[in-house]
Amino acid sequence: MTVKDPVCGMTVDPAKTLHHVEFEGHEHHFCSAGCLTKFTADPHRYLHGPAAQAAISPKDVPQGTIWTCPMHPQIRQMGPGSCPICGMALEPLEPSLDEQPNPELIDMSCRLWISAALSLPLVILTLGGEIFGWQLVPISISIWLQLALATPVVLWGGWPFFERFWASLKSRNLNMFTLIGLGVGVAYGYSLVATVFPTAFPASIRTMGGRAPVYLEAAAVITTLVLLGQVLELRARSATGKAIRALLGLAPKTARRVTDSRDEDVALDLVQVGDILRVRPGEKVPVDGIVTEGRSSVDESMISGEPVPVEKTEGDPLTGATVNGTGALLMRAERVGRDTMLSQIVRMVAEAQRSRAPIQAMADKVSAWFVPAVVMTSIVTFIVWSLVGPEPRFAHALVNAIAVLIIACPCALGLATPMSIMVGTGRGASAGVLVKNAEALELMEKIDTLIVDKTGTLTMGKPRLIKVVAAPTFDELYLLRLAASLEKGSEHPLAAAIVDGAEERGLALVDATDFASHTGKGVSGTVAGRAVVLGNKPMLDDLGVDTTLLEAEADALRAEGQGVMLVSVDGKLGGLLVVADPIKDNAAAAVAALRKSGVRVVMMTGDNRRTAEAVARRIGGIDEIFADVLPDQKQTMVEKLRNEGRRVAMAGDGINDAPALAAADVGIAMGTGTDVAMESAAVTLVKGDLGGIVRARHLSRAVMRNIRQNLFFSFIFNAAGVPIAAGVLYPLFGMLLSPIIAGAAMAFSSVTVIGNSLRLRGVRI
């Protein structure tokens, strides 16, 4: 049994954790001593406050009701707001087709435009006189005009930042808003006192007509620049959601339900499992289901990426949002609403975009000490300039201390990883690569060993009639017609392959009489007045049928791992039917590409060694084969390879692969396989082919390269900006960094990270 840590939402095993406490009659377990300490300090917050909303299941509430933080997905609450950890605006947990106006973006945009309109005349009023010598109004009046213009910008435009600043202090989660609140608050607070009570300052710093210098334009412009950065960030995050909305938009709005009396168009959310639906030519398939009547070709490119339509007939599966071709179909609804493949894809993409890559831990560790270090640096800067700086010392000390606080805001550092993950996982979804979490995306580029299941992964997973070999006195199509007509009465999987093969060749089958099944040998019966037997060599030997004519060819085919069945007609050898599980078209090319990139490919199958070796020979490039492997042995084999120091990915599609998929560093499920396999895997390939693994590795490399670039940009801005803002260049070049320039540099660093991340939308994988 497992439970959730009420502080961070992490799943923990009560039997293994050392951290637990009893409160309100219940025992609560924690993943670490840190979470236990936070809970003990304020248990009601985590059991009854906003933090408790993290335990809410999305299925329990209407779509769009729960909001979460893209950087800290353990934070959940009812409705919009800001993250108590980083201060970032929350976003809906579940994506919606209707692009609802983001209340945070609307609010920030309104504040930005009004603040910009007030800041522009403020800049002209102050910097115009300093740079161009414009003296539009007397200083005594200018000071009060500046206060009138700056006050609404700082107190109204910047109010959300002060709220987040205060929240960061209360929760002891220092973040970029801590620095923004300190910098802007000190600049405005000092300037307010200097304007209203000018005589409160020493005469040595009152240089402006008996007044102390004010920095109202700096406080207002910095607030405006931070608002600009927030608006750009919110718009960029909205852009990353376009991939999800594009997927959601593929689903039709209505379905045509067939009833006893008539057909009726109903809203998609009214369709129930078991409903019979009509899909007319050119229409989208409304939900996942099974064809019950009709024949058509269906464009499944939205899930497979393949432009070639797939033929569908009675019994074939249909996927919601795919496009029907020229034929009319009747279908039975099997999965509706949140259970359809399209909804699962959307949910996986959304969860992956909010997941955290291990590399994010480095940024978290840096941020943990970075903000306190910046505050200390700002204090030291103020003290040093106050003691040894040029006159007016207080003014220089204040300006440089504020510049340090502003330029060091770690907003770019916080955005570096989440932005790349959000954009990258959306790009992967459009290419049929669904990544469940960011950790898998990071590990994919490090994989050095790939274990692949044979059936359903390297092969199609469904037997097909490969070849018909007729004896000299028989016609191939006639022989196949007799055999398929006989097999119509059998439930064996190989029988279905023979019947399907005959129907694909357009043969008209007839009913067989005197049908009999001989366990372990074959079947017999009468077809069109002829005695037909289909089975193995021992069965035909028992009937006295001479098979020597085709024995050599049969042995050669068996050596290739193909299933061979002998056919006799009226006591004479009629020929051979060859049934096999075909190798997927691009399996050989994908294996070659993986080996070229340094990945060792291992086949692991429950099938016999001869068949496995035959498949390996036809594909080429398989480094090692493990045959006759049971499901629990697959998991053991994965763990053995990992213990040898290898980074292992496991690709499979069946229930028997689920334990191994979960045990691997990265589990990769074929989208054509079972739900259990897909739940156990960290990556799902919608099309279900090995080419998707190649695309997943390309995506991983592109995303991780992008993250490293973002982190580099972030560190460079902060590493270079803080000492410059502190004034290290002043003794050599007389150069100081204005808080306004510091604010612009801080905003530019965020824009750089956002712009670099958005490049992933067009990356080739």
Side-chain angles (χ1 to χ4, degrees), residues 311 313 455 459-583 585 607-615 617-618:
E311 291 295 322
T313 187
T455 306
T459 65
M460 300 296 292
K462 182 180 179 182
R464 292 185 62 187
L465 180 67
I466 301 299
K467 190 176 183 181
V468 179
V469 180
T473 57
F474 284 89
D475 176 73
E476 289 183 1
L477 292 180
Y478 179 66
L479 183 71
L480 177 58
R481 179 171 177 267
L482 292 176
S485 296
L486 176 64
E487 288 284 30
K488 277 178 58 180
S490 174
E491 296 180 353
H492 196 281
L494 299 184
I498 294 170
V499 173
D500 290 343
E503 291 178 346
E504 288 172 3
R505 291 163 173 79
L507 301 180
L509 306 185
V510 297
D511 293 331
T513 58
D514 303 323
F515 176 84
S517 176
H518 307 271
T519 305
K521 293 184 176 182
V523 294
S524 62
T526 302
V527 179
R530 308 197 68 170
V532 182
V533 176
L534 179 66
N536 54 23
K537 187 176 184 299
M539 182 174 182
L540 268 67
D541 288 343
D542 291 345
L543 297 174
V545 178
D546 184 8
T547 61
T548 55
L549 182 63
L550 297 177
E551 269 187 16
E553 186 165 359
D555 289 340
L557 290 167
R558 291 190 189 100
E560 289 297 318
Q562 298 179 2
V564 177
M565 287 170 284
L566 301 169
V567 184
S568 76
V569 180
D570 295 333
K572 295 182 180 180
L573 180 65
L576 308 174
L577 297 184
V578 184
V579 176
D581 186 3
I583 292 172
D585 293 338
D607 213 335
N608 63 77
R609 175 161 288 277
R610 185 173 68 174
T611 302
E613 289 177 344
V615 170
R617 283 196 300 272
R618 292 166 63 189

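Just so you know, these numbers come straight off a predicted model, no measurement behind them.
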Considering only heavy atoms from C-beta outward, does the side chain of [X] approach that of [Y] to under 4.5 Å?
{"X": "K488", "Y": "D511", "value": "yes"}
{"X": "L480", "Y": "I498", "value": "yes"}
{"X": "V510", "Y": "R481", "value": "yes"}
{"X": "L543", "Y": "S524", "value": "no"}
{"X": "D541", "Y": "T547", "value": "yes"}

Please round to the nearest 0.5 Å and tell me the distance separating atom [atom1] of [X] and atom [atom2] of [Y].
{"X": "L577", "Y": "M565", "atom1": "CG", "atom2": "CE", "answer": "6.0 Å"}
{"X": "K537", "Y": "L550", "atom1": "NZ", "atom2": "CG", "answer": "12.0 Å"}
{"X": "T459", "Y": "R464", "atom1": "OG1", "atom2": "CZ", "answer": "12.0 Å"}
{"X": "K467", "Y": "L576", "atom1": "NZ", "atom2": "CG", "answer": "9.0 Å"}

Ignoring hydrogens, what is the shortest heavy-atom contact between [X] and [Y]? Give both atom names and the distance.
{"X": "V527", "Y": "S485", "value": "CG1-CB, 3.7 Å"}
{"X": "T526", "Y": "D514", "value": "OG1-OD2, 3.4 Å"}
{"X": "M539", "Y": "L534", "value": "SD-O, 4.3 Å"}
{"X": "V545", "Y": "G571", "value": "CG2-O, 3.7 Å"}
{"X": "V579", "Y": "A497", "value": "CG1-CB, 3.9 Å"}
{"X": "L573", "Y": "D546", "value": "CB-O, 3.5 Å"}

Whether R505 side chain and G501 backbone form a donor-acceptor pair below 3.5 Å |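 Answer holds: yes.
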